[in-house]
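Order of the sequence lines sets the chain letters (A, B, ...), proteins ahead of strands, with each chain counted from 1. Nothing here was measured: the structure is a model prediction, and the numbers come from that model.
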2 protein chains.
Amino acid sequence: MKTKKNNHTDTICAVDYAFQRIGGKHKGRVIYQLRNGIKRYGELRRLVTGITAKMLTQVLRELEDDELITRTVYLEVPPRVEYELTDTGRELLPFIRLLADWGKQQMEKEIIAE
Amino acid sequence: MKTKKNNHTDTICAVDYAFQRIGGKHKGRVIYQLRNGIKRYGELRRLVTGITAKMLTQVLRELEDDELITRTVYLEVPPRVEYELTDTGRELLPFIRLLADWGKQQMEKEIIAE
DNA sequence: TACTATAGATACCAATTGGAAACTATTATT
DNA sequence: AATAATAGTTTCCAATTGGTATCTATAGTA
């Protein structure tokens with residue numbers, strides 16, 4: 001789900017709008033991993049399992065364009081880059097938690113059903 | 001986001017799991033439009049703006065496979081088919097509402113910023 | 001007889017998304 | 001001199017997703 005430079009204005013429905021900003025395969029998980037504060041690129045790479053470098057970078061850039069996270073580059077060698085949720089991004093946490101709770105319940109149900 | 005016949009079991013993360021079930025371009029809005037009870041296919045077609053017949057059918061089938069909605073066919077002519085949220089689907093409503101609220105706020109902010 | 005309504009199916013095509021592998025730059029370490 | 005660490009980029013390819021247009025069935029209506 002590509003979000004092209006904050007062009008959500010053509011959307012009318014708030015639900016649709018929200019999905020455009022946090023949809024996509026990994027965005028939810030990246031936001032979730034930033035829930036307790038700053039994380040470095042490499043940490044996210046390890047925490048968000050199954051993601052490739054390319055995708056992680058892409059997702060982070062989209063979230064940054066959407067002003068849900070900030071990106072801070074330290075001019076060191078080797079390089080250090082830190083990511084953090086913005087206020088707007090943090091507003092999404094309650095909802096991600098709700099979703100995670102629901103997901104957990106459902107996963108448990110599925111295991112029982114097997 | 002294709003959900004192939006309830007194969008969410010390979011997922012470990014609850015957030016990821018949840019996104020697999022309600023991600024995709026239109027799923028959120030379809031669920032949202034079913035919030036007040038039964039809707040017919042044609043009603044959804046009109047309510048979920050910008051969706052094609054093919055996509056609506058596809059989304060509805062996926063939601064059905066995932067047991068988030070039920071599908072009831074009446075053998076009449078012309079045909080009548082009704083869709084309704086299951087209990088599991090209804091559990092998602094608070095979260096969709098939260099998301100909608102957030103989206104609405106953000107959209108208002110964007111308008112002000114222009 | 002032709003048209004309408006309803007809920008799709010189907011075939012084909014285009015765009016988007018995601019992934020693998022190789023490559024970059026610089027400093028410190030072995 | 002080779003290797004490791006970090007945060008990427010680039011290219012190419014495959015899979016997924018979404019869209020357009022056309023077609024189906026049946027009864028009632030004009």
>> I need the NE2-P distance between B:H26 and C:dT16, as an integer number of Å.
In response: 14 Å
> CE of A:M107 to CD1 of A:I112: how many Å apart, nearest 0.5 Å?
Replying inline: 12.5 Å
>> Rounding to 10°, can you tell me the angle the first-five-pair axis of the helix from C:dT1-D:dA30 to C:dT30-D:dA1 makes with its last-five-pair axis?
In response: 30°
> How many angstroms lie between CZ in B:F19 and NZ in B:K27, if you round to the nearest 0.5 Å?
Replying inline: 12.5 Å
>> Counting primed atoms plus P, OP1 and OP2 as sugar-phosphate and everything else as base, spell out the protein contacts along nucleotides 2-9 of chain D at 4.0 Å heavy-atom distance: B, S or - for each nucleotide, 5' to 3'.
In response: ---BBSSS
> Nearest-Å distance, NZ (A:K27) to C1' (C:dT17)?
Replying inline: 12 Å
> Under 3.5 Å, is there a donor-acceptor pair between the side chain of B:Y41 and the main chain of B:A53?
Replying inline: yes
>> Measure CG/B:L56 against P/D:dG19 and give the value in whole Å, please.
In response: 12 Å
> Nearest-Å distance, CZ (A:F19) to C1' (C:dT17)?
Replying inline: 18 Å
> For A:T49, does its backbone N or O pair with a side-chain atom of A:R29 as donor and acceptor, under 3.5 Å?
Replying inline: yes
> Is a salt bridge present between B:D87 and B:R90, judged by a nitrogen-to-oxygen distance below 4.0 Å?
Replying inline: yes
> Heavy atoms, side chains only, cut-off 4.5 Å: are A:K25 and A:M55 in contact?
Replying inline: no
> Hey, does the side chain of A:K25 come within less than 4.0 Å of D:dT16's phosphate (OP1/OP2), counting only N and O?
Replying inline: no
> What do the steps show when you test A:L60 against A:R71 for side chain to side chain contact (heavy atoms under 4.5 Å, CB included), and what is the final call?
Replying inline: CA-CA 8 Å; A:L60 289 168; A:R71 179 172 182 268; over 6 Å; no
> B:Q20 CD to D:dT17 P: how many Å, rounded?
Replying inline: 10 Å
> Going by the salt bridge (charged side-chain N to carboxylate O under 4.0 Å, His left out) test, which pairs reach into residues 41-59 of chain B, not counting sequence neighbours?
Replying inline: none
